[in-house]
Protein chains: 2
Amino acid sequence: MSELESLTAAYQNLKARNQNIDMTRGKPSAAQLDLAAGMFDLVHSDDCKGEDGTDYRNYGILAGIPEARKLFARLMETAPDRVIVGGNGSLAMMYDALAGAVTFGVPGGDGPWNGAKFLCPVPGYDRHFAICERLGIEMLPVEMLDDGPDMDAVEAMVAEDASIKGIWCVPKYSNPTGAIYSDLTVDRLAAMKCAAPDFRIIWDNAYVVHHLTGEIATVKNIQKAAEAAGNADRILTFVSTSKISLAGAGVAAMSASEANVKDALERMFFATIGPDKINQLRHVRFFKDQAGIEAHMKKHAEIIAPKFAVVEEALSKAFAGTDLATWTKPEGGYFVSVDLTDGCAAETVKLCAEAGVKLTASGACFPYGKDPRDRNIRLAPTMPTPDELERAMEVFCTTAKMVCLKNKAG
Amino acid sequence: MSELESLTAAYQNLKARNQNIDMTRGKPSAAQLDLAAGMFDLVHSDDCKGEDGTDYRNYGILAGIPEARKLFARLMETAPDRVIVGGNGSLAMMYDALAGAVTFGVPGGDGPWNGAKFLCPVPGYDRHFAICERLGIEMLPVEMLDDGPDMDAVEAMVAEDASIKGIWCVPKYSNPTGAIYSDLTVDRLAAMKCAAPDFRIIWDNAYVVHHLTGEIATVKNIQKAAEAAGNADRILTFVSTSKISLAGAGVAAMSASEANVKDALERMFFATIGPDKINQLRHVRFFKDQAGIEAHMKKHAEIIAPKFAVVEEALSKAFAGTDLATWTKPEGGYFVSVDLTDGCAAETVKLCAEAGVKLTASGACFPYGKDPRDRNIRLAPTMPTPDELERAMEVFCTTAKMVCLKNKAG
């Protein structure tokens with residue numbers, strides 16, 4: 001029996017198991033959510049006042065409570081007055097920033113972003129790309145390298161085309177490759193000459209403290225680099241506690257230059273009376289300070305690092321020494337990015353689903369959902385239990401190898 | 001000494017007291033917020049699952065948790081699948097609905113709302129008008145009568161001008177007059193012939209259960225009336241618990257036709273991963289059902305009805321039998337609307353502020369902040385303590401009467 005024949009037989013056996021495992025999204029597991037136990041018990045209705053006596057149960061405080069702005073300022077390496085603390089999701093703040101740019105424009109620009117284009121390092125985060133697609137912002141892919149986007153390409157494009165208004169960046173443990181932006185990449189992004197005077201870098205620092213190993217990556221402060229280069233308004237930085245405290249009941253924040261914070265608050269004034277300050281207070285009391293956040297993240301790593309090890313082991317066992325697949329070995333974040341033989345991703349995802357393992361849709365990490373080489377698959381190991389994950393990886397590796405070998409055989 | 005002279009002397013005395021009382025906004029008092037004591041203690045991290053076992057701490061569930069949709073469906077007199085339960089403010093949902101209409105259009109229309117106009121019953125809610133102003137929607141005032149907007153004027157305008165895309169309505173205990181829409185007004189709004197095929201009634205039912213007296217007003221179900229008239233997609237209804245549970249940490253909801261709910265969810269998909277479901281769960285557990293909400297609102301009425309009585313008594317004492325002022329006697333809601341002699345509102349608000357009583361800016365209840373007769377002032381009695389309110393009303397009545405008499409004297 002050839003390897004392809006034995007893989008095909010193995011696949012049929014796995015399919016007969018009728019499994020149902022979901023690896024589509026980067027969701028924390030129940031065990032991770034349990035780490036925030038106690039969060040809900042820290043604020044009571046007789047204990048809802050801020051440091052200055054303000055009753056946080058009432059309306060107002062558009063920029064978030066001062067205690068939370070302070071906590072996030074440390075996390076975001078900036079000053080509290082440069083931070084806006086919002087609701088339960090940073091995606092909403094990013095959408096609002098870009099929808100605002102399209103409708104009203106941004107500081108330094110000359111009005112609404114009509115016919116805007118955005119650079120999209122690929123593979124990247126599907127929800128970023130979905131925002132652009134929805135808002136009619138044309139997406140231009142650039143290659144993601146190990147130390148950030150291909151800066152030669154980025155610099156050439158932004159220097160020439162004034163309709164290129166921005167770029168999506170996940171600087172640390174990038175989604176999905178786990179890439180960490182080098183100091184040089186940060187400096188080049190901060191200082192590059194842009195034809196658009198209102199160019200914006202959406203710095204989605206989603207995995208700022210989401211380390212998997214003892215190797216804690218640091219990324220150079222791009223806001224400071226941009227200020228030094230005279231481009232203070234270029235950067236919009238976002239974080240959230242969705243993968244620190246609770247995915248659905250966390251707190252998100254934006255930081256930026258004085259002009260950008262003012263612009264965002266002006267926009268927000270029309271759209272909201274203020275964020276849920278009580279949930280912000282819960283977070284401040286739970287984490288207390290940056291050390292509290294970092295200690296908490298070590299507990300996350302203890303839960304999820306073994307899952308990434310399962311993925312690495314399974315991929316190595318199946319593909320090491322072959323020319324069928326390459327994959328990332330992230331030191332943080334939520335994903336492993338796999339590149340199969342060209343033309344094999346969609347078929348693999350489809351056959352995995354038929355065998356009961358749902359993966360992120362192939363192409364999802366590319367603008368308009370189209371992977372030009374049909375080779376990239378994003379694996380999200382955090383949500384399944386370790387046992388489910390082992391079984392899911394067996395299905396994935398068997399299926400992917402079968403598809404690649406079949407492809408090779410023509 | 002003339003009445004004007006004695007009022008002027010009284011004003012100077014009041015000014016010398018150096019008071020500092022804020023009546024600018026319709027905020028609940030601390031005593032009202034205390035009614036929700038216990039709300040924060042009803043959900044714990046080991047008890048965060050929905051009826052179907054879903055872990056509400058995690059991502060997702062764009063339309064809100066089923067339990068909350070059911071609770072709001074009863075409050076909004078519709079079916080749970082016609083309800084979207086969101087974050088902590090209905091203003092955000094209204095902004096999103098109109099920003100979506102301007103950027104993308106709505107079901108039944110032919111694309112983005114360019115050059116749209118909106119009917120604004122006046123006096124009305126300043127934050128409604130602010131949304132229009134921000135989004136470039138031209139505002140056309142129509143007179144607010146005791147039973148809703150002047151429908152003869154409304155019908156004539158919407159029949160003729162296809163660029164009139166909607167109208168703001170607060171159907172019960174309207175902000176600020178306390179008007180209650182009659183069945184006839186509801187039927188006319190639901191059935192009127194609109195030149196714009198995508199006309200929308202923003203039905204901001206902000207005070208749906210906010211009764212001040214035993215007289216509980218009911219307003220005819222406009223969604224059903226619109227469906228009967230073949231205009232199901234015309235209505236977008238909003239409520240929130242901001243003035244039921246907690247002003248800053250409540251839960252808001254929208255209900256509408258199937259097509260409008262689908263449209264809103266499609267729009268929301270790009271802007272958020274989902275609402276804070278834990279806070280929704282807190283509300284479901286706290287109120288349990290409609291009877292729980294209604295019982296809770298009686299406690300609010302016990303706190304705020306005496307404050308409205310203070311306002312009424314002060315206004316009667318100062319102005320009954322004069323031709324200087326008329327005012328509303330609301331059976332619910334958060335405001336008393338006062339019409340002074342033409343040309344006297346701005347001066348009264350200014351002089352009250354100088355005497356330490358901050359009122360809502362004059363003109364705030366009109367589009368672009370411009371009261372053409374400069375006569376209307378919105379009083380918001382809920383936030384001050386009863387003692388503060390008495391002192392504030394002394395300042396207001398003294399000042400207003402002084403200004404009106406001075407005006408009369410030429």
Side-chain angles (χ1 to χ4, degrees), chain A residues 25-30 33-48 55-61 87-89 91-92 94-96 99 102-104 127 130-131 133-136 242 245-250 266-267 269-279 282 383, chain B residues 25-30 33-48 55-61 87-89 91-92 94-96 99 102-104 127 130-131 133-136 242 245-250 266-267 269-279 282 383:
Chain A
R25 307 298 312 174
K27 287 167 101 169
S29 64
L33 299 172
D34 287 344
L35 296 174
M39 167 77 79
F40 298 150
D41 309 319
L42 294 174
V43 177
H44 305 279
S45 62
D46 57 356
D47 186 19
C48 290
D55 189 336
Y56 289 156
R57 297 173 301 176
N58 222 319
Y59 286 118
I61 316 189
N88 73 323
L91 192 78
M94 290 185 258
Y95 179 87
D96 177 60
V102 166
T103 310
F104 309 114
R127 299 298 294 258
I131 290 175
E133 192 168 356
R134 175 71 178 183
L135 294 173
S242 295
S245 60
L246 296 162
E266 277 171 13
R267 199 170 57 240
F269 170 81
F270 296 92
T272 173
I273 310 281
D276 181 342
K277 300 177 290 298
I278 296 296
N279 204 38
R282 280 186 198 102
M383 183 70 176
Chain B
R25 307 298 313 175
K27 287 167 99 169
S29 64
L33 298 172
D34 286 344
L35 296 174
M39 167 77 80
F40 298 149
D41 310 319
L42 294 174
V43 177
H44 305 280
S45 62
D46 57 355
D47 186 20
C48 289
D55 189 336
Y56 289 156
R57 295 173 302 176
N58 222 318
Y59 286 118
I61 317 190
N88 75 323
L91 192 77
M94 290 185 259
Y95 179 87
D96 176 60
V102 166
T103 310
F104 309 114
R127 299 299 293 259
I131 290 175
E133 192 169 355
R134 175 70 178 182
L135 294 173
S242 294
S245 60
L246 296 162
E266 278 171 13
R267 197 170 58 241
F269 170 80
F270 295 92
T272 173
I273 310 282
D276 182 342
K277 298 177 292 296
I278 297 297
N279 205 37
R282 280 186 198 102
M383 183 69 177

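A note on names: the letters A, B, ... follow the listed sequences, proteins ahead of strands, and every chain is numbered from 1.
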Query - Atom pair CG (B:D276) and CG (A:L246), whose distance is rounded to the nearest 0.5 Å - result: 9.0 Å
Query raised in the report: CZ/A:F269 to CG/B:L91 distance, rounded to the nearest 0.5 angstrom?
Result: 9.0 Å
[X] portion near chain A, given a 4.5 angstrom heavy-atom threshold:
{"X": "B:R25", "result": "neither"}
{"X": "B:D46", "result": "neither"}
{"X": "B:A99", "result": "neither"}
{"X": "B:R57", "result": "both"}
{"X": "B:M383", "result": "side chain"}

Can you name the nearest heavy-atom pair linking [X] to [Y], along with the distance?
{"X": "A:D41", "Y": "B:V43", "value": "OD1-O, 4.2 Å"}
{"X": "B:Y59", "Y": "A:S242", "value": "OH-CB, 3.3 Å"}
{"X": "A:Y95", "Y": "B:F270", "value": "CD1-O, 3.5 Å"}
{"X": "B:F40", "Y": "A:S45", "value": "CD1-N, 3.8 Å"}

With chain B, which of [options] has the greatest number of heavy-atom pairs at distances under 4.5 Å?
{"options": "A:T272, A:D96, A:T103", "value": "A:T272"}
{"options": "A:C48, A:G248, A:A36", "value": "A:G248"}
{"options": "A:G89, A:G38, A:A30", "value": "A:A30"}
{"options": "A:I278, A:L42, A:I61, A:I131", "value": "A:I278"}
{"options": "A:E266, A:K27, A:H44, A:R127", "value": "A:R127"}

Query raised in the report: With respect to chain A, which residue among B:R267, B:R282, B:M94 yields the maximal number of heavy-atom pairs within a distance under 4.5 Å?
Result: B:R282
Query raised in the report: Are side-chain heavy atoms of B:N279 and A:N279 found at a separation under 4.5 Å?
Result: no
Report task. Mark yes or no for whether A:N58, through its side chain, and B:P28, through its backbone, hold a donor-acceptor pair below 3.5 Å. Result -> yes
Query raised in the report: Quick check: does any side chain N or O of A:N88 sit under 3.5 Å from a backbone N or O of B:G274, one acting as donor and the other as acceptor?
Result: yes
Query raised in the report: Under 6.0 Å from the six-membered ring centre of A:F104 and within 45° of its axis: does the NZ or CZ of B:R134 meet both?
Result: yes
Query raised in the report: Side chain, backbone, both or neither: which part of A:D55 has an atom under 4.5 Å from a heavy atom of chain B?
Result: side chain
